[in-house]
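Following: one structure in structure tokens, then a few remarks.
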Amino acid sequence: MFVRERRKALRFGAERYSRRLREGTGLSPYRAELAKQGLIPRVDCVSIERVIAPTEITERLGLSAEAPDVVRRENWYYASDGASEHPVQMGITYVPWPIAEGTPLATSANLGKGSLYARFEERGHRITRSREEVTARMPSPEESRGLNLPTGVPVLEVLHTGIDQAGRPFEVTRFVMRADLAALDYDMAVEETDE
């Protein structure tokens, strides 16, 4: 019996959010990553709504108790090698209401050239740092169904925070990825200090 190994869709580290990549391709980080790997991306934005942020998100964004409103955007991400397409991850992005109000961030699945981070930059929030916490766990029943997970396959959860040029967090995204179809590739500078 011959079993064909599925290609993993790599999630690149800091490069995925770079202005150079965004301006050079005009694509979102996910679409640019898959194009670089010869895979065909598809993203479905299934909901955009104004909500009260969960406590963890409120704390991450530094929102006050008096202004906890955010726009919650839910996306499902697919990858195809031309022969078959697979769901590979889902992401829920939280954007403070004052940043999203009156923009496509609050109303549109189609964010235009450069996608999400180009719209943030137009609002004065250029991503200069990213904080990501990565954990592994077993999926919820909803995640198993949505990601079409075989029995026993775990998920990777990446809690991403975008930080702007002033050192302020301006968006948080919780990604849930199929562990059998995803890989993480981080190349980070390490600051040397004299002790």
Side-chain angles (χ1 to χ4, degrees), residues 4-18 21-22 25-49 51 53-54 56-57 60 70-95 105 108-111 114-120 127 130-162 169-188:
R4 187 176 78 165
E5 185 178 332
R6 288 186 182 167
R7 291 175 62 179
K8 292 191 178 213
L10 287 176
R11 174 190 172 87
F12 300 115
E15 179 187 14
R16 84 185 311 259
Y17 300 109
S18 74
L21 181 69
R22 186 173 58 251
T25 65
L27 301 173
S28 70
Y30 180 75
R31 292 179 188 280
E33 284 170 342
L34 264 61
K36 195 171 185 178
Q37 297 170 64
L39 297 170
I40 304 161
R42 180 169 66 90
V43 180
D44 288 342
C45 182
V46 298
S47 71
I48 303 169
E49 57 187 335
V51 300
E56 178 184 31
I57 303 303
R60 281 263 172 161
V70 294
V71 169
R72 179 190 184 275
R73 300 176 60 91
E74 182 174 339
N75 291 310
W76 287 78
Y77 301 81
Y78 301 83
S80 171
D81 60 7
S84 60
E85 180 181 73
H86 301 282
V88 294
Q89 70 182 24
M90 61 88 64
I92 298 176
T93 299
Y94 298 92
V95 183
L105 293 166
S108 180
N110 182 358
L111 293 174
S115 197
L116 192 70
Y117 292 96
R119 304 300 73 81
F120 284 134
I127 187 166
S130 168
R131 175 183 174 200
E132 295 193 347
E133 295 172 42
V134 182
T135 56
R137 61 176 173 78
M138 295 309 292
S140 70
E142 179 186 63
E143 291 165 344
S144 288
R145 281 190 302 278
L147 293 170
N148 197 25
L149 286 171
T151 302
V153 173
V155 293
L156 297 175
E157 183 172 297
V158 177
L159 186 60
H160 159 84
T161 304
F170 62 90
E171 59 97 10
V172 172
T173 302
R174 182 181 307 281
F175 293 101
V176 177
M177 307 174 191
R178 285 181 61 148
D180 63 335
L181 295 181
L184 305 173
D185 183 1
Y186 293 100
D187 180 1
M188 299 178 286

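All figures in this text were calculated on a predicted structure; none of them were measured in a lab. Note: hydrogens, waters and symmetry copies are ignored here, and every other heavy atom, side chains too, is used. Residue indices begin at 1 and follow the sequence shown.
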Which heavy-atom pair separates [X] from [Y] by the least distance, and what is that distance?
X      : Y     : result
Ala109 : Ile48 : N-CD1, 3.7 Å
Gly91  : Tyr77 : N-CE1, 3.7 Å
Leu181 : Pro87 : CD1-O, 3.9 Å

Check whether any side-chain heavy atom of [X] sits under 4.5 Å from a side-chain heavy atom of [Y], and report yes or no.
X      : Y      : value
Trp76  : Val46  : yes
Val134 : Leu184 : yes
Glu171 : Tyr117 : yes

Nearest-0.5 Å distance that lies between atom [atom1] in [X] and atom [atom2] in [Y]:
X     : Y      : atom1 : atom2 : answer
Arg72 : Ile92  : CZ    : CD1   : 4.0 Å
Leu39 : Asp81  : CG    : CG    : 7.0 Å
Met90 : Thr173 : CE    : OG1   : 10.5 Å

N/O donor to acceptor pairs below 3.5 angstrom from side-chain atoms of residues 149-159, sequence neighbours left out:
| from | atom 1 | to | atom 2 | distance (Å) |
| --- | --- | --- | --- | --- |
| Glu157 | OE1 | Arg137 | NE | 2.9 |
| Glu157 | OE1 | Arg137 | NH2 | 2.7 |
| Glu157 | OE2 | Arg174 | NH1 | 2.7 |

Answer yes or no: is there a donor N or O on one side and an acceptor on the other, between the side chain of Arg73 and the main chain of Val95, under 3.5 Å?
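Checked: no pair found.
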So does Ile40 get a backbone contact from the side chain of Tyr78, meaning a donor-acceptor N/O pair under 3.5 Å?
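Judged by distance alone, no pair lies under 3.5 Å.
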Just do the side-chain contact (heavy atoms from CB on, under 4.5 Å) check on Arg178 and Asn148 with the steps written out, would you?
CA-CA 9 Å; Arg178 285 181 61 148; Asn148 197 25; 4.2 Å; yes
Is it the case that over 12 heavy atoms from other parts of the model lie below 6.0 angstrom from the CD atom of Glu49?
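Atom CD in Glu49 is crowded, with more than 12 foreign heavy atoms closer than 6.0 Å.
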